[in-house]
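Below is one structure, written out as structure tokens; comments come after it.
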Amino acid sequence: MRKDLVDLLDDPSYENHDLQIVSEAASDDPNVDLYQELYNRYTITDVPPDQEYILRLPWRRIYTTNYDDAIERVLPGRPTFNYDEERPRRIPEGAVVHLHGAIRATTPDNVLQQLVLGERSYVRQHLERSPWYNEFDRDVRFSDGTFFLGYSLKDQHITAFLMKNPATVPKVFFVTRDQPDKPTATKLGQYGRILPIGITGFASLLKVLPKPAASKEPNQLRSLRFLNPLQDKATIVPPTSQEVRNLLTFGSFNFKRMIAGLSDESYVVARAQLIEKAINELVSARTLIVDARLGNGKTVFLNVLAAALSERGYKCFMCRSDAISATRDLDVLRALGKVAILFDSYSLAIDLIQEFAALPEAVFVVAVRTSVREVQMHEILNKCPSPLSTISVNALYQQERRAFAQLVRRAGLLSPSFEQKVATARDFRELVLTIFDNALVRRTIEQELFPALNNAQVRKVFLVSYLLKQSGHDADAVFLRDVTGVDPYQALFAVEAAAMEVFDLGDQLQLRSALFSSYLVDTFFDASEVLMVVEMLITSSALRREELKFRRMNGALMQVSFLSKVLARLPNPQRSMRDLFERLRQHDALSAEPLFWLQYAILMADEDLGISESFISTAYDRAEARDGFRTYQIDTFALRLALRAETQELSAQIARFDYISEKLNLVIEMLGEPSHRYHAISVLDGIAPFVEARGRFLSVSQKNRLVYDLSRAAHALQDLPANYRAQVGSDVIKERVGYAKDRLLAV
């Protein structure tokens, strides 16, 4: 194509320039009709029989970097997506995806924008910011086989896809026309295997190969991992002290060891009271939400619960981290009768749980981080099969303290002040943190991991993964590579022994333990380095805000509460965060974002209420420019800020009363919405101080209006579900609202 366009330009000076420059010149040349040239080239009238045969086979997905319509000609009516089209939550089986544009979507006006005609760096940037590339990466990891047809080492479109993931190498195949030369074969060998048989040979092979047999056994399912205590008991040996240390420090969990040590709690704390409560909830509920703060042991809890459910006749399965479909597994699961499907990832549950819901005797357990449950309750209610119940594992019982202390003593991991710290720990996270006070543990970590963490590439991959995990998001390999500029598989497998202590290098790159990764950051990373990576992540995720996953990621990374936690070791965290927001303000994508200005307002509230109020006004202004943007997060803080500002006011005039009343009514309405009520409840705590300080300056009509609104708020709080009221402490807020109302009536 480049050569043809140079000929059309009739200018030899373009001979040595790449396709991007040549295509742009052709587009600007009035004597060249670039659209017609591309349309003629990529509108297909005939497809060779071998290609047609291959395309008609029942592939899970067909990806193409070609612009032509050959696939659509062979498969008319097949669901087809282009790289610039929105990715649906569920993609139909057999769908076709054009990763670099399609001639069907091209017009004379958009030809350069629609078709990716760029150099390698441009192609790579385009690909890795496309939601379809992430889907492609997941498909490769999930599938039994991926076949690249017509590969050339010079094909920058395909080369940009590849990552050195050892787990996918055995099932990636490059179908080439001939045996490649040695340099090409060496390069391809890092990513997969070569089949030098050409398209005709590949078609012939497909005609004689037997169809893969469907999974028939529980331990052969593609989307689920069978948790079978009875099978594992055949090879049970008691957990060693080293295995206990690896679990408590590195998060290296072993289901067999858990089964072996469950009766005497020599490997994990059995959490018997919570497990019994969870089982009782599943008698009437079809979905159990396990609510846990970061590092509070939700993964171990799910596995212990699976063991308990197995004793009650359930076949228990954990959803695999790379699962993208349950279709192939449903028949096997249906034949098993009573099954319990557990999700350690909330996002994975939301993607897949509806497929599993077709199983009539299935129950579901979904682990959800506390902060996520508070704001995504509407999604949980809509997606998870009902009836639904919730249990929190954040509580810490005395028996659990004793069991943990005994576990640590038996493993020889005691440290100074251990007993005192166990007695005062508020949750399981604080119990586990006592392990890092042990001198042997610290020395072992330094010897095993410090050299690996000095590697610049490993350092980048780890720190990005840590920050994403802290913000509640998975660090998928595609995003990791784009942000860090490093192939994460290549970086981590270069120091595999050390990396395996920190990462789960199986289905998907994930940090094993939130607690351990926090310890490593506090021990081996300078706070200024963390700040630099946080800023990079915020700007990188902002560029991908069109995709819901990255929109949520961007919002979580910008939260002042999150930044305050990860930047706490800086000499002056408040000033550093203020400087960070000033730098971020220069980015157009962030400056146009309402929630950026909300967080900036939250940050400035402790320094200057006037500036904070002006930033809230800016947040509302940006929200007006967004169709369908719901301002409930802005509304709750706007009320909090107005109450605080008016409480501190010295004049007798209450200038913000109408504004407060307006926002208060919005907040009262939020109490009826599951995903918004948590923040609405906390805002109401500011009413009583306002009434105490300013109630005497209210007019009679203002008092009557506020009394009426507070009565509505008290009724709305009373109508909340009893278990929810106990969980969030809303009855205390209701009493304070009642107190404020009584004070108004008395003045």
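For the numbers below, each heavy atom of this structure counts, side chains included, while hydrogens, waters and symmetry mates do not.
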Does [X] reach the main-chain N or O of [Y] with its side chain, forming a donor-acceptor pair under 3.5 Å?
X      : Y      : result
Lys383 : Gln354 : no
Glu692 : Arg743 : no
Gln702 : Ser699 : yes
Ser612 : Asp608 : no
Arg271 : Val393 : yes
His587 : Arg585 : no
Glu646 : Ile654 : no
Arg677 : Met670 : no
Ser386 : Leu388 : no
Ser730 : Leu717 : no

Counting neighbours of [atom1] on [X] that are heavy atoms of other residues, nucleotides or ligands and sit closer than 6.0 Å, is the number greater than 12?
X      : atom1 : answer
Tyr678 : OH    : no
Glu546 : CD    : no
Glu86  : CD    : no
Asn572 : CG    : yes
Glu582 : CD    : yes
Tyr708 : OH    : no

Quiz item: Who pairs with Arg512 by side chain to side chain donor-acceptor pair (under 3.5 Å), at least two apart in sequence or on another chain?
Solution: none

Exercise. Report the residues that fulfil side chain to side chain donor-acceptor pair (under 3.5 Å) with Ser347, sequence neighbours left out, ordered by chain and then residue number.
Key: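 Once residues adjacent in sequence are excluded, the partners of Ser347 under the side chain to side chain donor-acceptor pair (under 3.5 Å) criterion are Ser345.
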
Decide if the gap between the ring center of [X] and the ring center of [Y] is smaller than 6.0 angstrom.
X      : Y      : result
Phe301 : Phe428 : no
Phe596 : Phe581 : yes
Phe479 : Phe550 : yes

Self-check item: Parallel, tilted or perpendicular, as decided by the 30° and 60° cut-offs, for the rings of Phe615 and Tyr600
Solution: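 Ring orientation, 0 to 90° scale: tilted.
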
Quiz item: Is the Phe436 ring parallel, tilted or perpendicular to the Phe516 ring (thresholds 30°, 60°)?
Solution: parallel

Practice problem: Show your reasoning for whether salt bridge (Lys or Arg N to Asp or Glu O under 4.0 Å) applies to Glu673 and Arg630. | Solution: CA-CA 13 Å; Glu673 299 184 47; Arg630 299 190 66 184; 3.1 Å; yes

Practice problem: Might you work through the side chain to side chain contact (heavy atoms under 4.5 Å, CB included) test for Trp597 and Tyr620, ending with a clear yes or no? | Solution: CA-CA 9 Å; Trp597 290 100; Tyr620 277 117; over 6 Å; no

[X] and [Y]: side chain donor to acceptor below 3.5 Å:
X      : Y      : value
Tyr346 : Asp351 : no
Asn296 : Arg429 : no
Thr370 : Asn394 : yes
Ser518 : Gln470 : yes
Gln559 : Gln599 : no
Thr390 : Asp291 : no
Arg286 : Ser389 : no

Self-check item: Worked check of side chain to side chain contact (heavy atoms under 4.5 Å, CB included) between Phe629 and Glu624
Solution: CA-CA 8 Å; Phe629 187 91; Glu624 286 183 10; over 6 Å; no

How close do [X] and [Y] get, heavy atom to heavy atom, and via which atoms?
X      : Y      : value
Leu664 : Leu639 : CA-CD2, 3.9 Å
Ala740 : Val691 : O-CG1, 3.7 Å
Glu379 : Arg552 : OE2-NH2, 3.3 Å
Tyr659 : Ala638 : OH-CB, 3.4 Å
Leu603 : Gln574 : O-NE2, 3.0 Å
Ile668 : Asp709 : CD1-O, 3.3 Å

Indicate yes or no: does [X] engage [Y] in a salt bridge with an N to O separation below 4.0 Å.
X      : Y      : value
Glu547 : Arg87  : yes
Glu535 : Arg583 : yes
Lys460 : Glu529 : no
Glu593 : Arg626 : yes
Glu669 : Arg712 : no
Asp476 : Lys549 : yes
Arg426 : Glu430 : yes

Atom [atom1] of [X] and atom [atom2] of [Y]: how far apart are they, to the nearest 0.5 Å?
X      : Y      : atom1 : atom2 : value
Thr539 : Leu557 : OG1   : CG    : 10.0 Å
Arg725 : Asp719 : CZ    : CG    : 9.0 Å
Leu710 : Leu744 : CG    : CG    : 6.5 Å
Leu671 : His676 : CG    : NE2   : 12.0 Å

Self-check item: 4.5 Å side-chain heavy-atom contact, Arg705 and Asp658
Solution: yes

Exercise. Take Arg736 and Leu684 through the test side chain to side chain contact (heavy atoms under 4.5 Å, CB included) and record every step on the way to the result.
Key: CA-CA 8 Å; Arg736 292 176 182 170; Leu684 294 175; over 6 Å; no

Practice problem: Evaluate the ring-ring contact (aromatic ring centres under 6.0 Å, His included) criterion for residues Phe462 and Phe525: first the C-alpha distance (whole Å), next the side-chain angles of each, then the deciding distance (0.1 Å), finally the verdict. | Solution: CA-CA 11 Å; Phe462 169 74; Phe525 289 80; 5.5 Å; yes

Practice problem: Determine, step by step, whether Thr287 and Val365 satisfy the side chain to side chain contact (heavy atoms under 4.5 Å, CB included) criterion, reporting the C-alpha distance in whole Å, the side-chain angles of both residues, the deciding distance to 0.1 Å, and the verdict. | Solution: CA-CA 6 Å; Thr287 302; Val365 183; over 6 Å; no

